[in-house]
Amino acid sequence: MKKSVITITAALAVGLGTIFGGVSVKTEAASISSLKGEQNKIHEKRSNLQSGINQANDKINTLKDQQADVKSEMKRLDFAIEDTTTKIADKSKKITDTQAEVSKLQAETKVIKERINKRNVLLKDRARSYQENGGMVNYLDVLMGSTSFSDFIDRANAVATIVQADQEIIKQHEADKQELAQKQAKVEKDLASLEQMLADLKTMNQQLNVQKKEKDKMLASLKDQEEEVHEGMMELKEEEQLLAAQEAAIQKAIQMEKEAQARAAEEAKRSRTTNSNSGNDSGPKSDSTPNVTSGVWTQPASGYRSSGFGGRGDGNHYGVDIANGTKVPIVAAANGVVIRSYYSSTYGNCIFVSHSINGQVYTTVYAHMTQRYVGSGASVKKGQKIGLMGNTGASRGQHLHFELHKGPWTQDKRYAINPVGIVPLP
């Protein structure tokens, strides 16, 4: 039977001192000293666990601070992406407007070029006329051919007007060419600048989106780390709680040790008079409590052994199964202290009991019960009813799954031993 994931790495709780296999009981002082030694070890381990829990808390707080920083940076990136997106739209509109302006300028350029072409024709005609008629000589002839001073003045004004008109034509011709060149240069420059700005903004937007994706990954990683640390801290807390329960169980055992030592001789004498063979009945009993046998251990339930210790089809079986009918009592296999009494998804209703036998710690497990009669921290006597046989948890029929560990119960069951030959079984 497999156990659900519960980290119990230091289950060192001990119960009442008793007799095992005829070995004499330790002296009261030695037993109490041993219990206090175990208690001190557990207390030290609890301190170490608490230190680990505090470190985990600090780590979680650090990770949360880092997540807050990343979220703040992501918010800044969101604003930056929104801003660049807006600017990209603005520059795109300006490029469209500038392109429209280019089209308009192209139309204006056509008109200017036509004017320039006309002036070129006019100037060529003037130059041809000057060449054919002697150029400035004709203007002198005009002036010298005046009949009076008044006529001379009129002729001079006329010549000046003609010359000024030619100069204006040439000047306007040059101005039109310069205006055309300037407009073309300006529009081309503006368009190139806008296109460069747009390209830069798009590059910036891509970079910002890459940064945001990296921050998304970083935030997810930090959350995973926080969850992992939190799970580890929960395991530490669960282990620390178990150690606390075991430390309390030891304290209770210390108080009871003196009484147990005083009763040990009388109890051993009385137990020897009981029928030690009652556990050998192989037939199932529907409502019977097994007889308490002499010695340290007694049979935990009546019935028949339906499965043994070791390998089987579904993997290693770290205990033995005792099957029977309904309302069959389950009893404590030896004197001890209940480490934990709870419902497990695999063990079902189960009870863990710690025993201290001549200085050796043992742990017994009783699983799949339909009812539990004792709670965590309770002291139990050998043969005391602690529950009823059932079919709870990962079970395939009415039975008791019984485990014996020479030491603490651990998740990997490394201390599990075959109870056959140690604990009386059917």
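No hydrogens, no waters, no symmetry mates; every other heavy atom, side chains included, goes into these values.
Leu425 places a side-chain heavy atom less than 4.5 Å from the side chain of Pro300. Under the 4.5 Å side-chain criterion, counting only non-hydrogen atoms from C-beta, Val331 is not in contact with Gln384. Annotation: side chain of Asp90 is not in contact with side chain of Thr86 (no heavy-atom distance under 4.5 Å). Tyr415 places none of its side-chain heavy atoms less than 4.5 Å from the side chain of Thr363.
Closest approach of Pro426 and Gly303 over heavy atoms only: CB-O, 3.2 Å. Residue Asn349 comes nearest to Arg372 through the heavy atom pair OD1-NE, 3.0 Å, listed as atom of the first residue, atom of the second, then distance. Of all the heavy atoms in Thr298 and Gly383, the pair that sits closest is CG2-N, 3.8 Å. Closest of all the heavy-atom pairs between Ala301 and Ile330 is CB-CD1, 3.7 Å. Pairing each heavy atom of Met197 with each of Lys91, the nearest pair is SD-NZ, 3.5 Å. Nearest heavy-atom pair across Ser344 and Cys350 is CB-SG, 4.2 Å.
Here the CE-OG1 distance, from Met204 to Thr84, works out to 7.0 Å after rounding to the nearest 0.5 Å. With rounding to the nearest 0.5 angstrom, the CG atom of Asn324 is 10.0 Å from the OG atom of Ser306. His368 contributes atom NE2, which lies 6.5 Å from atom CG of Asp321 (distance to the nearest 0.5 angstrom). In this structure, CZ on Phe352 lies 7.0 Å from CD on Glu403, to the nearest 0.5 angstrom. To the nearest 0.5 angstrom, Gln67 atom CD is 9.5 Å from Ser221 atom OG. The structure places NZ of Lys87 at 13.0 Å from CG of Leu198, a figure rounded to the nearest 0.5 Å.
Note on ring orientation: taking the six-membered ring where Trp is involved, the planes of His355 and Trp297 are perpendicular (angle over 60°, cut-offs 30° and 60°).
A side-chain donor from one of Thr364 and Tyr366 sits under 3.5 Å from a side-chain acceptor of the other.
Using modelled atom types, one side-chain atom of Ser376 and one backbone atom of Ser341 make a donor-acceptor pair closer than 3.5 Å. Not a single donor-acceptor pair under 3.5 Å links the side chain of Lys71 to the backbone N or O of Leu219. Glu195 places no side-chain N or O within 3.5 Å of a backbone atom of Ile95 that could act as its donor or acceptor partner. Thr392 places no side-chain N or O within donor-acceptor distance of the main-chain N or O of Thr370, the cut-off being under 3.5 Å. A donor-acceptor pair is defined here as one N or O able to donate and one able to accept, closer than 3.5 Å; no such pair exists between the side chain of Lys413 and the backbone of His317. Side-chain atoms of Asn316 do not come within 3.5 Å of backbone N or O of Tyr318 as any donor-acceptor pair. Ser193 places no side-chain N or O within 3.5 Å of a backbone atom of Lys189 that could act as its donor or acceptor partner.
Between Arg76 and Glu73 there is a salt bridge, since at least one side-chain N of the basic residue sits less than 4.0 Å from a carboxylate O of the acidic one.
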Evaluate the side chain to side chain contact (heavy atoms under 4.5 Å, CB included) criterion for residues Gln398 and Thr326: first the C-alpha distance (whole Å), next the side-chain angles of each, then the deciding distance (0.1 Å), finally the verdict. CA-CA 7 Å; Gln398 188 89 1; Thr326 60; 4.3 Å; yes
Stepwise side chain to side chain donor-acceptor pair (under 3.5 Å) check, Asp200 with Gln196: CA-CA 6 Å; Asp200 292 343; Gln196 183 60 48; 2.9 Å; yes
Going through the checks in order, is the side chain to side chain contact (heavy atoms under 4.5 Å, CB included) test met by Thr96 and Ser92? CA-CA 6 Å; Thr96 301; Ser92 297; 5.5 Å; no
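Screening residues 383-398 for salt bridge (charged side-chain N to carboxylate O under 4.0 Å, His left out), with sequence neighbours left out, gives Asp314-Arg396. Within the structure, side chain to side chain donor-acceptor pair (under 3.5 Å) contacts touching residues 48-63 (residues at least two apart or in different chains) are Gln50-Asn54.
The number of heavy atoms from other shown groups lying within 6.0 Å of CZ (Phe79) does not exceed 12.
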Show me, pair by pair, the donor-acceptor contacts under 3.5 angstrom made by side chains of residues 207-217, not counting sequence neighbours?
| from | atom 1 | to | atom 2 | distance (Å) |
| --- | --- | --- | --- | --- |
| Asn209 | ND2 | Asn205 | O | 2.8 |
| Asn209 | ND2 | Asn205 | OD1 | 3.4 |

